[in-house]
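In the text below, chain A, chain B and the rest are named by the order of the sequence lines, each starting its count at 1. Both backbone and side-chain heavy atoms feed into the values below; hydrogens, waters and symmetry mates do not.
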Amino acid sequence: MRKLALLAGTIFIGLAHGASAETALKMWYHGAGNEVESKLINQIVADFNASQDDWSVSLESFPQGAYNDSVVAAALAGNLPDILDVDGPVMPNWAWAGYLQPLPIDESVIADFLPGPKGYWDGKLYSVGLWDAAVALVTRKSILEKYGIRTPTLDKPWTGAEFNEILAKLKASGDFEYPLDLGMAWTGEWYPYAFSPLLQSFGGDIVDRDTYASADGKLNGDAALAFGEWWQSLFKDGMTPGTSQDPADRDNGFNEGKYAIAWNGNWAATGMLKVYGDDLLFLPAPDFGSGPKIGAASWQFGVSSASKHPDGAAAFIEFALQDKYLAAFSDGIGLIPATPTAAAMTENYKEGGPLAVFFDLSKAQAVLRPVTPGYVVQAKVFEKAMADIANGADVADTLDAAVDEIDSDIEKNQGYGHQS
Amino acid sequence: MAALSPGNQGVRLAVRYLVLILIALIFIFPLLFMLMNSLKPTEQLLADTSSLRAFLPVGDLSLDNYVDAFKRAPVGTFVFNSVLVTGVTVIASLFICSLAAFSFVFLDWVGRGILLSIILATLIIPFETIAIPLLLIVSKLPWFGLNGLEIGWLNTYRVQIIPWIADGLTIFLFVQYFKDLPSELVEAARVEGASWWQVYRRVIMPLSGPVLATGAILKFLVMYNQYLWPLIVVQEESYRPVMVGLGYFFQLNVAWGEVMAYLSLITLPVLAFYLALQRAFIASIASTGVKG
Amino acid sequence: MASRLTTSNRAGWGFAIPGFALIAIFIVLPFFFAFGLSLTDQRLVSPNPTRYVGLDNYRELLDVTVITLEPQRDEAGELIRDEDGNLEYPKVRDITRSDDYPQYSGMREWFRWQSGQNAKVVIASDVVFMKALVNTLVFVMVVAPVQAGLALVLALLINQRIRGINIFRTIYFMPVVVSIVVVSLLWRFIYSGNDGLLNNLLDALTFGAWQPIDWLGNPSTALGSIMAMSIWQAVGFHMVIWLSGLQTISPTLYEAATIEGASGWQTFRYVTWPGLRNTAVLILIVITMQAFAVFAQINVMTSGGPLDSTQTLVFQAVVRGYGKQDISGGATISVILFLLVLSISLLQRWLTRDRR
């Protein structure tokens with residue numbers, strides 16, 4: 001209710017100011033239902049509106065699960081707002097389709113940002129995020145000690161073989177329901193975000209990033225086949241829960257001691273810290289041959305093509321990029337602040353903070369998901385392939401089918417605007 | 001029957017009740033599950049799901065989940081929107097569809113057969129498959145409101161109501177029912193000089209209690225559970241209905257307790273509507289008994 | 001029939017036109033729109049101009065062909081057998097991905113059977129669609145009769161005049177009141193593989209002999225589990241429709257049957273069932289339509305998996321049209337579904353036609 005009052009307040013202020021020649025700007029955000037996030041974003045909007053007399057931003061929040069569909073529907077119906085919130089890997093799709101226009105802000109503002117939160121498409125900046133997200137292997141010091149497992153470092157991560165041995169050892173101990181939790185219950189973007197870096201570490205990829213014209217040889221090449229076989233073995237050997245994992249187990253299984261290691265994001269870290277405190281460890285991804293990799297990019301802000309006031313929209317986005325807001329979001333929902341100066345201001349990411357390791361992980365290992373308008377489709381194809389292989393489908397056939405589908409989609413979209 | 005002794009009758013009755021109760025157990029559990037779990041903290045709820053404890057009011061019970069649900073989302077707004085949209089649509093639908101069905105069954109006119117066939121064919125079209133074309137249509141439709149001519153129906157109540165008023169199923173429901181009504185009633189009324197409108201209003205409608213109730217329930221359920229359509233035509237929170245509001249509760253670490261509280265809250269209006277209708281429904285049957 | 005009708009073009013059109021106009025604008029028009037889309041390469045999100053592609057979308061979905069695989073032989077011409085003595089065949093992917101057979105490019109194995117020493121393999125250009133088609137038909141063929149039958153049994157049961165019957169009627173209707181999305185969420189807990197309520201219940205009933213089944217995670221049980229839940233959820237609704245049919249049968253007919261000493265079955269056969277004729281047609285059609293449109297359960301519970309065992313047509317139409325931004329492909333599935341159901345209902349009408 002407080003949120004509604006605040007929202008009503010914002011709109012009311014907007015109206016009242018409207019009389020004094022302020023230009024109204026609409027903004028959409030994906031955080032409806034998340035109290036902390038709503039409070040933070042409302043604070044930024046309120047501060048911005050109070051800070052100047054030219055623009056007045058009003059906010060409309062959507063439940064995250066429905067946000068992308070809402071935006072696409074609104075775009076089709078010609079009803080986009082001025083400022084849009086966009087998930088990093090989806091941005092090229094919206095930019096290519098003409099939902100977004102290049103972001104007119106001075107790039108010196110984001111000079112010291114992490115690479116993940118900066119959204120470039122076709123050589124132009126379209127979106128900027130206040131934070132990044134990162135994934136790590138989460139486990140407990142006490143587990144590693146008990147089973148005599150080496151603690152990996154950024155410089156010397158576990159190798160693939162080492163990782164497999166560790167899982168086998170933990171499995172053999174019988175102390176856990178599963179040695180590893182990959183989070184198969186989180187269907188959707190989690191699959192490509194969390195699992196395609198593992199494929200990249202094997203040397204494959206979702207699509208050929210040199211041309212973005214085909215997935216052939218990348219998603220079904222030898223490296224990808226090796227990855228696929230390994231992936232399937234995790235499920236066949238009972239190393240990790242499969243696609244029918246209960247979502248509640250994903251949320252709480254590690255904290256209840258059912259799983260020894262979890263492949264999980266920094267946004268879940270605060271909850272785990274509450275349970276395990278100092279015993280908790282965040283470890284870099286294993287290196288399967290082509291270096292350890294994790295996914296990058298999270299939600300970002302951009303200006304819609306429908307906006308008649310890109311300067312006002314950009315002014316708001318620039319305003320939101322202040323370190324104090326980056327830090328506030330990080331403290332509120334555990335995300336990685338986009339700049340080192342903001343990181344220093346936070347509880348978790350300051351020097352020696354419990355999650356500081358994520359900042360380094362993000363800097364050292366993060367790889368963007370394929371920067372192409374076709375990613376939206378490729379992500380869905382990849383997700384289905386991962387689920388099917390986990391459920392025992394033939395690896396080569398499944399990856400071939402995925403390649404065929406991706407290639408035919410690229411062809412139908414006339415190359416998605418990549419210059420070949 | 002007469003040959004049965006009173007004792008035997010008692011046994012038969014007991015068996016009947018036993019069967020009824022056993023079946024009832026199979027059907028009641030989702031509501032019990034929802035209500036009981038809405039009173040429990042999420043951790044306890046999850047621990048209880050694997051046993052019959054999930055259906056019992058045991059453990060740490062409180063109304064906290066309800067309080068939190070109201071904090072998380074404007075539940076009142078969502079329920080109000082859904083009830084308003086549903087109520088208006090149901091009433092309009094019963095009127096428009098019964099009128100059309102009346103015309104199809106009792107009147108003979110050029111084009112009757114072909115129109116009815118088209119309407120019945122639309123039964124086969126799943127809404128999901130026409131949602132996007134329909135979105136493009138309603139975004140261009142004009143409306144004459146208080147502010148004069150407007151183009152586009154997005155972010156209104158009417159966009160959630162008007163496209164749903166007429167549908168093949170409701171018309172078909174009435175058609176099948178009207179076919180069973182004795183046609184002498186209509187003929188007699190016409191002989192006495194009643195207009196068609198009077199026949200519809202004073203002869204047929206009073207006999208239509210059961211089908212009106214069935215049609216109302218059917219439409220109510222469809223409308224109250226709308227998700228995809230409001231999702232794509234409504235971008236403002238103030239017009240959002242309950243099922244879209246459900247999305248507010250699916251954050252990271254789903255608070256299942258709150259989800260159950262929200263579900264219980266939004267199910268109440270449906271239950272109330274059904275109970276109210278059931279009374280009217282039975283009353284109408286008792287007073288008619290029309291078929292021969 | 002004709003005798004009861006009175007010719008009146010003005011009143012007839014006047015009464016029917018509001019309903020018909022609304023249906024024409026909001027259902028028929030968008031459907032024609034969708035049909036038009038199915039003949040183009042329109043994407044949901046794209047700056048590219050739309051092109052007319054004729055029946056390409058249909059061909060991509062429906063292309064099916066049979067290839068014959070001969071068992072592999074070694075250099076001496078002997079048949080190669082694996083450890084279990086089974087014949088070995090060349091891999092299908094070596095054919096479909098080979099430049100020697102451009103006509104099979106992009107196709108995948110759907111299923112195969114043995115014909116002598118050769119294997120006949122059915123390959124389809126869209127195996128997922130084919131599986132969705134089969135699953136949808138199975139769903140309809142199981143759910144429609146079972147649900148209609150159970151609903152009738154419940155309606156007869158609930159049509160007794162005994163004290164408290166209204167309470168039972170209300171309870172039987174409960175699952176209908178709760179939306180299918182919500183019901184699907186709840187049943188996910190019940191069907192859970194390790195520690196779900198259903199497994200625990202069966203375990204208790206068999207005194208521990210029960211091996212837990214991952215109901216939704218196993219390709220052989222997933223569709224069945226979803227069908228069972230769907231029947232359970234909607235049976236109360238059809239019970240109410242049966243009931244409204246039952247309650248309009250005149251009590252005097254039953255009295256007459258009792259006087260003539262008719263048995264329970266005879267009463268049902270000669271009094272009840274004839275009185276339910278129009279209701280039966282209604283229910284059969286309604287259930288069939290609803291079963292063909294199955295979507296929400298799949299979306300919430302399995303997303304079509306595991307291994308496509310729960311793919312359905314509407315789910316695929318949505319996945320393609322929205323998720324994969326292939327709006328023309330999604331529209332094509334809807335048109336195929338429409339034509340399929342239309343032919344089935346014409347057949348149904350012909351079979352249940354009045355033979356008098």
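- Contact annotation for C/Phe168: only side-chain heavy atoms (C-beta onward) come within less than 4.5 Å of a heavy atom of chain B.
- Considering only heavy-atom pairs separated by less than 4.5 Å from chain B, the leading option among C/Leu29, C/Leu37, C/Ile162, C/Val178 is C/Ile162.
- Within a 6.0 Å radius of CZ in C/Phe32, no more than 12 heavy atoms belonging to other residues, nucleotides or ligands are found.
- Heavy-atom distances place no part of C/Gln233 under 4.5 Å from chain B, backbone and side chain included.
- For chain B, the nearby part of C/Phe173 is the side chain; its heavy atoms alone come within less than 4.5 Å.
- Using non-hydrogen atoms only and a strict 4.5 Å limit, the part of residues 312-321 of chain C facing chain B consists of C/Val314, C/Ala317, C/Val318.
- Classified by interplanar angle (parallel below 30°, tilted 30° to 60°, perpendicular above 60°), the ring pair B/Phe27/C/Tyr172 is tilted.
- For B/Leu13, the part sitting under 4.5 Å from any heavy atom of chain C is the side chain, from C-beta outward, and nothing else.
- Only the side chain of C/Phe189 has a heavy atom closer than 4.5 Å to any heavy atom of chain B.
- Heavy atoms closer than 4.5 Å to chain B are found nowhere in C/Arg10, neither backbone nor side chain.
- Looking at C/Leu198, there are no atoms closer than 4.5 Å to chain B (heavy atoms on both sides), in backbone or side chain.
- You'll find the ring centres of B/Phe104 and B/Trp109 inside the 6.0 Å limit.
- For B/Arg201 and B/Trp196, the positive end is not near the middle of the six-membered ring at less than 6.0 Å and at most 45° from its axis.
- Ranked by heavy-atom pairs under 4.5 Å with chain C, the first of B/Leu123, B/Ile266, B/Leu228 is B/Leu123.
- Within the 4.5 angstrom heavy-atom criterion, only side-chain atoms of B/Phe250, from C-beta onward, approach chain C.
- Counting heavy-atom pairs closer than 4.5 Å to chain C, the top-ranked of the candidates B/Ile21, B/Leu99, B/Val19, B/Ile96 is B/Leu99.
- Highest contact tally toward chain C, considering only B/Ile165, B/Val138, B/Leu218, is held by B/Leu218 [criterion: heavy-atom pairs under 4.5 Å].
- No other option in C/Pro175, C/Gly14, C/Gly19 has as many heavy-atom pairs under 4.5 Å with chain B as C/Pro175.
- Most heavy-atom pairs under 4.5 Å with chain C, from the set B/Thr129, B/Ile130, B/Val270, B/Ile124: that is B/Ile124.
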- Message: Does B/Trp164 form a ring pair (Phe, Tyr, Trp, His ring centres under 6.0 Å) with B/Phe127? I'd like the steps, not just the answer.
- Response: CA-CA 11 Å; B/Trp164 295 87; B/Phe127 175 73; 4.8 Å; yes

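- Residue with the most contacts toward chain C among B/Leu169, B/Ile28, B/Ile132: B/Ile132 (heavy-atom pairs, distance under 4.5 Å).
- For C/Phe295, the part sitting under 4.5 Å from any heavy atom of chain B is the side chain, from C-beta outward, and nothing else.
- Side-chain contact between C/Pro30 and B/Ile137 is present, with heavy atoms from C-beta onward closer than 4.5 Å.
- With a 4.5 angstrom heavy-atom cutoff, C/Leu154 touches chain B only via side-chain atoms.
- Side-chain contact between C/Ile23 and B/Ile171 is present, with heavy atoms from C-beta onward closer than 4.5 Å.
- Among all heavy-atom pairs drawn from C/Met239 and C/Arg169, the shortest one is CE-O, 3.9 Å.
- Side-chain atoms of B/Trp229 come within 3.5 Å of backbone atoms of B/Val159 as a donor-acceptor pair (strictly under, hydrogens ignored).
- Under the 30°/60° scheme for interplanar angles, the aromatic rings of B/Phe178 and B/Phe106 are found to be tilted.
- Using a 4.5 Å cut-off between heavy atoms, B/Ala131 touches chain C through backbone and side chain atoms alike.
- Between the side chain of C/Asn159 and the main chain of C/Ala155, no donor-acceptor pair closer than 3.5 Å is present.
- Counting heavy-atom neighbours within 6.0 Å of C/Leu346 CG, excluding the residue itself, gives a total above 12.
- For C/Ile333, no part lies near chain B; criterion is any non-hydrogen pair under 4.5 Å.
- With a 4.5 angstrom heavy-atom cutoff, C/Ile158 touches chain B only via side-chain atoms.
- Taking the six-membered ring for Trp and the full ring otherwise, B/Phe33 and B/Phe29 have centroids separated by 6.0 Å or more.
- Contacts between C/Val335 and chain B at a heavy-atom distance below 4.5 Å are absent for every atom of the residue.
- Side-chain contact between B/Val211 and B/Phe174 is present, with heavy atoms from C-beta onward closer than 4.5 Å.
- A donor and an acceptor atom, one from each side chain of B/Tyr200 and B/Ser103, are nowhere located under 3.5 Å apart.
- Taking the six-membered ring where the residue is Trp, C/Phe26 and B/Trp153 present tilted rings, their angle falling between 30° and 60°.
- Heavy-atom distances place no part of C/Ile17 under 4.5 Å from chain B, backbone and side chain included.
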